[in-house]
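Here is the structure we will look at.
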Amino acid sequence: MEKRPDLIAVDAGSTDPGPFYLGAGKSFTSRSAVKRDLEILLKGAVANAIPCIIGTAGGCGARENVNWTKEIIDELAKKNGLSFRMALIYADIPKDVVREALRTGKLTPLHPAPDITEEEIGESVRIVAQMGAEPVLKALEMNCQVIVCGRCYDPVPFSAPAIKKGFDPGLAVHMGKILECAAIAATPGSGRDCVMATLYKNHFELEALNPQRRFTRLSTAAHTLYEKTDPYFLPGPGGTLDLAKTTFTSLEEGRVRVSGTRFLPSDPYTVKLEGVKRAGFRTISIAGIRDPILIRQIDSVLAEIRRQTEKDSGATGNLLFHVYGKNGVMGAMEPEKDRLSHELGLVIEAVAPDPEQAASICACARSTLLHFGYPGRISTAGNLALLYSPSDIPCGEVYTFNIYHLMTVDDPVACFPITVYEVNR
Amino acid sequence: MRNVPVTDIAAVIRSKNSGPYELTFDILFKDEKVYRQIKNIDFFTPERMAALYGVTKDEIIKIVYFDPAFAVKITMVRPVVSGAPGDTDVYGAQQHAPLLSLQIPLAEISSAPYPASRS
């Protein structure tokens with residue numbers, strides 16, 4: 001805080017941890033860790049009378065996640081005697097709005113996501129849209145000091161206040177793109193440390209706040225590639241970031257200067273939708289296999305176990321075998337087709353419409369395999385080193401992404417309702 | 001010309017999701033001259049990548065050379081959507097291994113070993 005920032009911002013979310021969290025409305029970070037971090041941020045913001053903006057609160061930015069974050073903030077405000085005006089910006093999109101967008105041609109799948117039907121939209125458990133800067137600008141205009149955003153384009157918490165002050169949106173968004181990953185763009189990179197950015201009229205500069213890290217031309221340029229499809233054109237709500245003319249210059253003291261990035265507004269304005277649906281319930285069993293006679297014929301043995309389980313389990317669902325030491329990581333894409341480890345790790349997975357059927361399929365496959373008499377078997381006591389008792393682990397609900405679409409909107413603020421609170425006043 | 005293991009000339013070889021429907025691979029080279037040669041011979045083609053991963057050419061979405069980072073980026077369709085039943089790598093972070101076996105034909109650039117680190 002000695003550097004007197006004008007803003008504290010954080011991107012709290014990602015789709016990387018997969019569809020479960022949006023499906024269940026749960027955070028992928030622990031409550032105690034979030035509370036610890038938020039306490040530092042809120043105290044710093046209030047002491048310095050600057051905004052604190054949280055993007056994609058609670059990991060996936062659904063209503064439940066925003067409210068979960070609000071609850072933590074309320075507790076911290078009370079504990080520390082902090083008072084401020086807070087905005088909650090929700091990003092949930094009602095199914096009717098999405099269906100209407102589909103009917104009126106305002107919904108486009110983001111390749112390679114498939115086309116969608118109204119029935120498929122109906123199956124979604126939750127749908128969120130990535131907000132652009134506009135809803136955050138509105139909350140800032142309402143003098144909110146703490147802004148908790150639902151699903152949010154990652155750079156927005158950093159770029160919105162800069163855009164409000166009249167800075168170039170290309171530079172503001174590119175700065176946000178780097179800051180949202182904390183110090184990952186520094187060298188050595190880390191998602192743990194904070195970064196200070198200073199925005200000027202025609203460029204911005206970055207400096208790591210941990211003396212062990214520094215920004216270089218190459219570390220910053222390389223970060224542009226991270227988790228993107230095309231590093232020259234980065235699409236977002238309301239426009240695309242164009243890096244074709246961007247220059248990165250190393251400065252003294254581990255700082256870097258970035259200039260030349262342009263923001264190309266899109267017409268019409270689009271937002272990205274993310275939706276998930278239930279895929280069933282899962283039960284797994286984990287076991288090791290060390291017998292070389294069994295390992296040699298693992299494919300044919302598992303095929304037979306699958307056949308017998310389908311016949312005998314009396315349940316409907318999918319049975320999956322993940323064979324670590326063979327192709328557990330890459331599946332069908334594994335190029336090493338013939339090499340097997342001296343021991344295999346096996347995860348038996350059943351996904352079925354209800355927990356009972358998932359348990360039945362998993363148990364049937366596990367017990368059949370445990371005692372299966374494969375050709376040449378000389379170890380007759382059991383084929384699996386089961387890792388746990390109980391051997392079968394119910395994993396609860398399974399979700400899958402089913403909406404990953406661009407939706408045209410007339411008003412970039414209207415889909416994102418804002419609720420304003422006076423905290424501790 | 002000689003075949004050089006990619007692990008000798010790359011500083012970073014990684015895979016990651018680019019959204020839940022795509023897998024993206026980055027190879028960052030240590031040396032600008034080496035990077036220019038690889039870009040000039042267009043070593044990373046959709047055909048080569050498809051063969052390496054046992055997928056069809058159509059599943060390779062984009063291959064981009066990114067000069068500011070001496071890097072090439074290859075993006076393909078995820079075989080299974082992230083976290084859906086049957087997916088084996090939710091973050092897509094361990095799909096890079098086949099790239100490590102690539103041998104790239106290069107003209108001799110200098111007798112000195114390639115720099116071990118980049119900055």
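Letters go in sequence order (proteins before strands), and every chain restarts at 1. These values consider heavy atoms only, across backbone and side chains, with no hydrogens, waters or symmetry-generated copies.
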Under 4.5 Å from any heavy atom of chain B, what part of [X] do you find: side chain, backbone, both or neither?
X: A:L225; answer: both
X: A:V329; answer: both
X: A:F248; answer: side chain
X: A:P231; answer: both
X: A:Y226; answer: both
X: A:H223; answer: neither

Tell me which of these, [options], has more heavy-atom pairs under 4.5 Å with chain A than the rest.
options: B:S18, B:S15, B:G86; answer: B:S18
options: B:R14, B:Q94, B:R78, B:E59; answer: B:R14
options: B:S101, B:G83, B:G19; answer: B:G83

Q | Cation over ring face, B:R48 and B:F43, 6.0 Å, 45° | A | yes
What residue in [options] has the most heavy-atom pairs under 4.5 Å with chain B?
options: A:V351, A:N318, A:T224; value: A:T224
options: A:L320, A:D230, A:L243, A:L110; value: A:D230
options: A:A113, A:G328, A:A279, A:G280; value: A:A113

Q: Step by step, work out the side chain to side chain donor-acceptor pair (under 3.5 Å) result for A:T56 and A:D154.
A: CA-CA 8 Å; A:T56 310; A:D154 294 351; 4.7 Å; no
Q: Answer yes if the ring centres of B:F25 and B:Y53 are under 6.0 angstrom apart, and no otherwise.
A: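 Yes; B:Y53 has its ring centre under 6.0 Å from that of B:F25.
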Q: Give the ring-plane orientation class for A:F204 versus A:H174, where under 30° counts as parallel, over 60° as perpendicular and anything between as tilted.
A: perpendicular
Q | Pairing of B:D26 and B:K16 as salt bridge, 4.0 angstrom limit | A | no
Q | NZ/NE/NH1/NH2 to OD/OE distance under 4.0 Å, A:E120 and A:K277 | A | yes
Q: Take atom NZ of A:K26 as the centre, draw a 6.0 Å sphere, and report whether it contains more than 12 heavy atoms from other residues, nucleotides or ligands.
A: no
